[in-house]
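Labels below follow one simple rule: chain letters A, B, ... track the order of the sequence lines, proteins then strands, and each chain is numbered from 1.
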Amino acid sequence: MSVRVRFAPSPTGFLHIGGLRTALYNYLFARHNNGTFVLRIEDTDQSRYVEGAEQDIIDSLEWTGMEIDEGPGKGGDFGPYRQSERKEIYLKYAEQLIENDQAYYAFDTVEEIDEMRERLKKSGNPSPKYDAITRQSMKNSLTLPKDEVEKRLENGDEYVVRLKVPRKETVRFEDEIRGHVSFDTEGLDDQVLLKSDGMPTYHLANVVDDHTMEITHVIRGEEWLSSTPKHILLYNAFGWEAPKMAHLPLIMSPSGGKLSKRKAESEGIPVNTKDYISGNYEPDALVNFLAYLGWSPGDDSEIHSLEELCELFTLDRVSKGGAVFNFKKLMWYNENYIREHSVEELKPRVKALFEESKFEIPSNEFLTEVIELLHERVSKVDEFVSMGAFFFEAPKEYDPNALKKWKDDSPVILKAYRDKIEQLSEEEFEAVTLKDKIKETIEEHEVGFGKLMMPLRVAVSGQGFGPDLTPALELIGKEEVLKRIDLAIEKL
RNA sequence: GCCGCGUUCGUCUAGGGGUCCAGGACGCCGCCCUUUCACGGCGGUAGCACGGGUUCAAAUCCCGUACGCGGUACCA
């Protein structure tokens, strides 16, 4: 049987970076096995539905280069791929379970259930459940006379369908990542399968869909591990074979705990995929980084394209423990990929960014040189703009940090250099010559290289770091360079 | 509380009983290259949570403890 996996996010907001990794692992697994990657939208909670979330998910996947084989908008033989559009299917299966005495109608109101929990808590039960014991004293089709149940259903009374969880049984399953896992049903409650609004809960929908969509491997986050026994019970109740299960370690925040929006962002980590898109990160860097958060190919390699990752990925190499999101490592990946990309590849994106910032690009050659000069120095593609703005305009202000290098004798030395290069013709105003003049100047003043270099850099760029200086001067041009030096001497 | 899952350098990880006084990567530190900023190269720092077994031999297997994380909803 060919491999079929699904990424099944719920459209309750923008795609979380953890969700993206889950998608990635599913995708890699699918491609590695020549299988099918399905996108399924789990929109069964109408109260949490967020407009645009589904599109955000699709856009995010596309940005990273993951191709969806089946899904909403894409089609496929197992649709529809939105759970809200499959409502009748779940109803049918829920009724089937009731018929087979595997599930039952329950008419209790939320208040009545709360009351029951309160009561049990008071009498010393720390974790009251709607289970094999308590269901006997609740209002459901197991306790109510048959005709009353029918009457209530006919009247359109609100009800839910609950799974009849056996009282004392051990549910065992083999997790592809964790190995043998077992739970006692005693700790489970009679899971609601069908909500009173007619929508299925995640548990029912996911089991029905995974089965009817012929999913072979369920690869999802560890937060689902605890509900897996309910799912296994459901597969058994239907008489279906359960797919293979693989529970991924969670991505943690540097301060510990699940990488939640609030926590992550307070620690400087963007949490939504769209933040990485708008933040101009390299998609292949993010993918590479995410792939290695909880997985490794087992050798000493670090850099792999999506295609290579597909080739390398196997579930048995996924680690079990949670993985802390290491932002600096992401940035390392990002730098790496920027350097790997050629100037030509980078150019359209950099051009757009400059234009966004209202800089006028004099010529294609000019832009090429700017990119070349900065290529090895930027961590993120938008830094071409922040770091390279001075190619386009005089610094508006001087970085206070860089100004520490501006000493009392700086104006004198700088002035000397200025007067030297002023003698140069336009044609002579090129990097090598400019560098020679620097040498001349420092020799005459008997100072070190930095004594001139740093003030010059500050005067021209406003910063203490940046591209190779003399080629930058050449690119900016004689007139403008002289102007900036004069301005700096005057202002500083 | 209860249930479950985890635990190798600060972080991501390699490591399936001897070849491990534990390897790689990020970070950090130093040196080299560069009379600037970087890239790059080289080197260093630092870890098997703890306690008991099993075994000639344990990071590796078993049991406990601690700690962490997850779940415990008509949310997914």
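- Pairing partner, rU60(B): none, since no Watson-Crick or wobble contact has both distances short of 3.5 Å.
- Side chain of Thr64(A) to backbone of Leu61(A): a donor-acceptor contact under 3.5 angstrom is found.
- Residue Phe183(A) qualifies as enclosed at atom CZ: its count of foreign heavy atoms under 6.0 Å is above 12.
- Rounding to whole angstrom units, CG of residue Leu248(A) and C1' of rG6(B) are separated by 14 Å.
- Nucleic acid contact class of Arg317(A) (heavy atoms, under 4.0 Å, all strands): sugar-phosphate only.
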_Contact pattern, 5' to 3', of nucleotides 64-76 of chain B - B, S or - by protein heavy atom under 4.0 Å_ = -----SBS-SBBB
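- Using a cut-off of 4.0 Å between Lys/Arg side-chain N and Asp/Glu carboxylate O, Glu223(A) and Lys258(A) are scored as not salt-bridged.
- Across all strands shown, rU54(B) has no partner, as no Watson-Crick or G-U wobble contact with both distances under 3.5 Å is found.
- To the nearest whole angstrom, the two C1' atoms, one in rG18(B) and one in rA58(B), are 10 Å apart.
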*Start with the C-alpha distance between Gln191(A) and Thr201(A), add both sets of side-chain angles, then the distance that settles side chain to side chain donor-acceptor pair (under 3.5 Å), and finish with yes or no.*
CA-CA 9 Å; Gln191(A) 189 58 54; Thr201(A) 56; 4.9 Å; no
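- To the nearest 0.5 Å, atom CD of residue Gln83(A) and atom CD1 of residue Ile89(A) are 10.0 Å apart.
- As the counterpart of rG43(B), rC29(B) is assigned, both hydrogen-bonding distances of the Watson-Crick or G-U wobble pattern falling under 3.5 Å.
- When distances run from any side-chain atom of Pro126(A) to the nucleotides rU36(B), rG1(B), rC5(B), the shortest one goes to rG1(B).
- Put simply, CG on Asp131(A) is 15 Å from P on rC3(B), counting in whole angstrom units.
- As judged by a 4.0 angstrom heavy-atom cut-off over every strand, Gly322(A) is placed among residues touching the sugar-phosphate backbone only.
- Place Ser182(A) and Asp316(A) on RNA chain B by their nearest nucleotides, and Ser182(A) ends up nearer the 5' end.
- Taking every side-chain heavy atom of Phe449(A) into account, rU35(B) is the closest of rC12(B), rU35(B), rC5(B).
- Taking atom P in both rA22(B) and rA49(B), one finds a spacing of 15 Å when rounded to whole Å.
- Pair assignment for rC20(B) gives none, since no Watson-Crick or G-U wobble pairing has each distance under 3.5 Å.
- Remark: rA66(B) base-pairs with rU7(B); criterion is Watson-Crick or G-U wobble with both hydrogen-bond distances under 3.5 Å.
- Taking atom P in both rG23(B) and rA59(B), the straight-line distance is 14 Å, to the nearest Å.
- Residue contacts shown for Ser319(A) are limited to sugar-phosphate atoms, with no base heavy atom under 4.0 Å away.
- The nucleotide rA38(B) finds no pairing partner, because no Watson-Crick or G-U wobble arrangement with both distances shorter than 3.5 Å includes it.
- Here the P atom of nucleotide rC39(B) and the CD atom of Glu372(A) are 18 Å apart, to the nearest Å.
- In this structure, the CG atom of Asn334(A) is 13 Å from the P atom of rG27(B), given to the nearest Å.
- We find that CG of Leu434(A) is positioned 13 Å from C1' of rU36(B), with the value rounded to whole Å.
- When each of Phe327(A), Tyr337(A), Tyr281(A), Phe325(A) is paired with Phe289(A), the ring pair (Phe, Tyr, Trp, His ring centres under 6.0 Å) condition holds for Phe325(A) and for no other.
- Gly448(A) comes within contact range of no nucleotide atom at all, as no heavy-atom separation falls under 4.0 Å.
- Heavy atoms of Arg178(A) sit under 4.0 angstrom from primed sugar atoms or phosphate atoms, though from no base atom.
- Listed here is the closest heavy atom pair of Pro80(A) and Arg86(A): O-NH1, 2.9 Å.
- Relative orientation of the Phe313(A) and Tyr25(A) rings is tilted, given thresholds of 30° and 60° on the angle between their planes.
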*Once each nucleotide of nucleotides 19-26 of chain B is scored for protein heavy atoms under 4.0 Å, what B/S/- sequence comes out, 5' to 3'?*
-----BBB
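- Residue Ile232(A) comes nearest to Ala242(A) through the heavy atom pair CD1-CB, 4.2 Å, listed as atom of the first residue, atom of the second, then distance.
- Using a 4.0 Å heavy-atom distance criterion, Met454(A) is classed as a sugar-phosphate-only contact.
- rC9(B) sits 7 Å from rC48(B) when the P atoms are compared, rounded to a whole Å.
- The Glu443(A) side chain lies nearest to rU35(B) when the options are rC39(B), rC12(B), rU35(B).
- Rounded to whole Å, the distance from CG on Leu188(A) to C1' on rC2(B) is 12 Å.
- For rC39(B), the base is syn relative to its sugar; the glycosidic angle is within 90° of 0.
- Taking atom P in both rC74(B) and rG16(B), the straight-line distance is 46 Å, to the nearest Å.
- Looking only at distances, a side-chain donor or acceptor of Glu174(A) sits under 3.5 Å from a matching main-chain atom of His180(A).
- Of all heavy-atom pairs spanning His247(A) and Asp175(A), the tightest one is ND1-OD2, 2.7 Å.
- rC33(B) and rA38(B) have their C1' atoms separated by 12 Å, given to the nearest Å.
- For the C1' atoms, the distance from rC20(B) to rA14(B) is 12 Å, rounded to whole Å.
- Ion pairing between Glu440(A) and Lys437(A) holds under the 4.0 Å rule for side-chain N and carboxylate O.
- Under the Watson-Crick or G-U wobble criterion, with both distances below 3.5 Å, rG1(B) is paired with rU72(B).
- The CE atom of Met245(A) sits 15 Å away from the P atom of rC5(B) (whole-angstrom rounding).
- With both ends at atom C1', the span from rA25(B) to rA46(B) equals 14 Å, rounded to whole Å.
- Base pairing analysis places rA14(B) opposite nothing; no Watson-Crick or G-U wobble pair with both distances below 3.5 Å involves it.
- Between Glu335(A) and Arg339(A), at least one side-chain nitrogen of the basic residue sits less than 4.0 Å from a carboxylate oxygen of the acidic one, meeting the salt-bridge criterion.
- For Tyr292(A) and rA14(B), the OH to C1' distance is 11 Å, given to the nearest whole Å.
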